[in-house]
Colleague: 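The structure under discussion is supplied below as structure tokens; questions concerning it will follow.
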Amino acid sequence: QLVESGGGLVQAGGSLRLSCVASGRTFSSYAMGWFRQAPGNERDFLAISWSAGTTHVANSVKGRFTISRDNTKNTVYLQMNSLKPEDTAVYYCAAARSVIPPIDKNDFSSWGQGTQVTVSS
């Protein structure tokens, strides 16, 4: 089970840090990803942290978003800086046993319920 938190309303230019806590004892062996979905849009990939520690951030948010994980807390984070109104969406974390680029949301077997992020102009 994955539970996201940290969403909310923020002004443009502000920052938020999303957290996703996973239940279970094998968190460290999973690749963890963040996605977002705006109304009427597809669910888009944002960032991934592989179990070995390697990370990758989508070009669309590179330089503004950072992914990290703390295996001792079974938690993955998404730090979002310089937020823009177009970042408004529901943000989801997801877990996968194995993910090979290109990243596909269908590779992820477990999903959180999502947390709303709203950026006002």
Side-chain angles (χ1 to χ4, degrees):
Q1 182 182 6
L2 304 175
V3 180
E4 302 100 334
S5 62
L9 174 64
V10 63
Q11 288 188 331
S15 298
L16 283 175
R17 188 177 79 156
L18 306 183
S19 300
C20 173
V21 179
S23 59
R25 295 174 290 178
T26 58
F27 173 81
S28 62
S29 66
Y30 279 78
M32 300 298 298
W34 283 99
F35 295 76
R36 70 184 178 189
Q37 188 168 18
N41 288 2
E42 295 286 324
R43 190 167 295 189
D44 294 328
F45 165 75
L46 297 174
I48 186 171
S49 171
W50 277 279
S51 59
T54 306
T55 62
H56 171 68
V57 178
N59 288 336
S60 59
V61 296
K62 190 169 291 184
R64 299 191 300 124
F65 290 12
T66 304
I67 188 171
S68 62
R69 66 193 293 165
D70 185 339
N71 289 336
T72 67
K73 297 181 179 180
N74 280 15
T75 302
V76 62
Y77 304 97
L78 185 69
Q79 177 67 43
M80 306 186 294
N81 298 327
S82 302
L83 284 162
K84 306 174 183 180
E86 51 263 44
D87 293 319
T88 295
V90 178
Y91 284 68
Y92 299 90
C93 72
R97 273 292 194 183
S98 177
V99 180
I100 299 173
I103 308 302
D104 187 328
K105 59 181 179 291
N106 294 315
D107 292 330
F108 292 80
S109 56
S110 298
W111 291 83
Q113 82 288 350
T115 185
Q116 176 71 46
V117 172
T118 303
V119 184
S120 63
S121 57

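Note: hydrogens, waters and symmetry copies are ignored here, and every other heavy atom, side chains too, is used.
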Colleague: Give a yes or no on whether Leu46 and Val99 share a hydrophobic cluster (residues Ile, Leu, Val, Met, Phe, Trp, Tyr; joining criterion: side-chain heavy atoms under 4.5 Å apart).
Modeller: no
Colleague: Filter on ring pair (Phe, Tyr, Trp, His ring centres under 6.0 Å), then keep only pairs touching residues 82-121, sequence neighbours left out; what's left?
Modeller: Phe35-Phe108, Phe35-Trp111
Colleague: Could you report the tightest heavy-atom contact between Pro85 and Ser121, atom names first, then the distance?
Modeller: CG-CB, 3.9 Å
Colleague: Report yes if some heavy atom in the side chain of Arg36 is under 4.5 Å from a heavy atom in the side chain of Asp87; otherwise report no.
Modeller: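 A side-chain contact exists here, since the closest heavy-atom pair is under 4.5 Å.
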Colleague: I'd like to check Glu4 versus Gln113 (side-chain heavy atoms, cut-off strictly below 4.5 Å). Are they in contact?
Modeller: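 Of all side-chain heavy-atom pairs linking Gln113 with Glu4, at least one is under 4.5 Å.
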Colleague: Show me the pairs that pass ring pair (Phe, Tyr, Trp, His ring centres under 6.0 Å) and involve residues 11-32, at least two apart or across chains.
Modeller: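 Output for this query is empty, none listed.
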Colleague: Under 3.5 Å, is there a donor-acceptor pair between the side chain of Arg69 and the main chain of Ser49?
Modeller: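 A pair under 3.5 Å: yes.
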Colleague: Which atom pair, heavy atoms only, marks the closest approach of Ala47 to Leu78?
Modeller: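 That would be CB-CD1, 4.2 Å.
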Colleague: Using 0.5 Å steps for rounding, measure from the SG atom of Cys93 to the CE atom of Met32.
Modeller: 5.0 Å
Colleague: Under 4.5 Å between any side-chain heavy atoms of Gln1 and Ser110, yes or no?
Modeller: no
Colleague: Might you point out which heavy atoms bring Lys105 and Arg43 nearest each other, and give the distance in Å?
Modeller: CD-O, 3.8 Å
Colleague: Check Val76 against Ser68 and note the closest heavy-atom contact, atom names and distance.
Modeller: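 Smallest interatomic distance, heavy atoms only, reads CG2-O, 3.2 Å.
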Colleague: For the NZ atom on Lys62, are there more than 12 heavy atoms of other groups (residues, nucleotides or ligands in this structure) within a distance under 6.0 Å?
Modeller: yes
Colleague: Could you state the interatomic distance from OG (Ser98) to CH2 (Trp50), rounded to the nearest 0.5 Å?
Modeller: 10.0 Å
Colleague: Indicate the atoms forming the closest heavy-atom contact of Leu9 with Ser120, along with that distance.
Modeller: CD1-CB, 4.3 Å
Colleague: When rounded to the nearest 0.5 angstrom, what is the spacing between OG1 in Thr118 and CG in Leu83?
Modeller: 11.0 Å
Colleague: Look at the side chain of Thr75 and the backbone N and O of Val21, then say whether any donor-acceptor pair between them is shorter than 3.5 Å.
Modeller: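 Not a single qualifying donor-acceptor pair exists.
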Colleague: Considering only heavy atoms from C-beta outward, does the side chain of Trp34 approach that of Cys20 to under 4.5 Å?
Modeller: yes
Colleague: Answer whether the closest heavy-atom distance between the side chains of Val119 and Glu86 falls below 4.5 Å.
Modeller: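 No, side chains not in contact.
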Colleague: Under 3.5 Å, sequence neighbours excluded: what are the donor-acceptor pairs made by side chains of residues 10-19?
Modeller:
from: Ser15; atom 1: OG; to: Asn81; atom 2: OD1; distance (Å): 2.9

Colleague: Quick one: closest heavy-atom pair of Ala89 and Gln116, and the distance?
Modeller: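 That closest heavy-atom pairing would be O-NE2, 3.4 Å.
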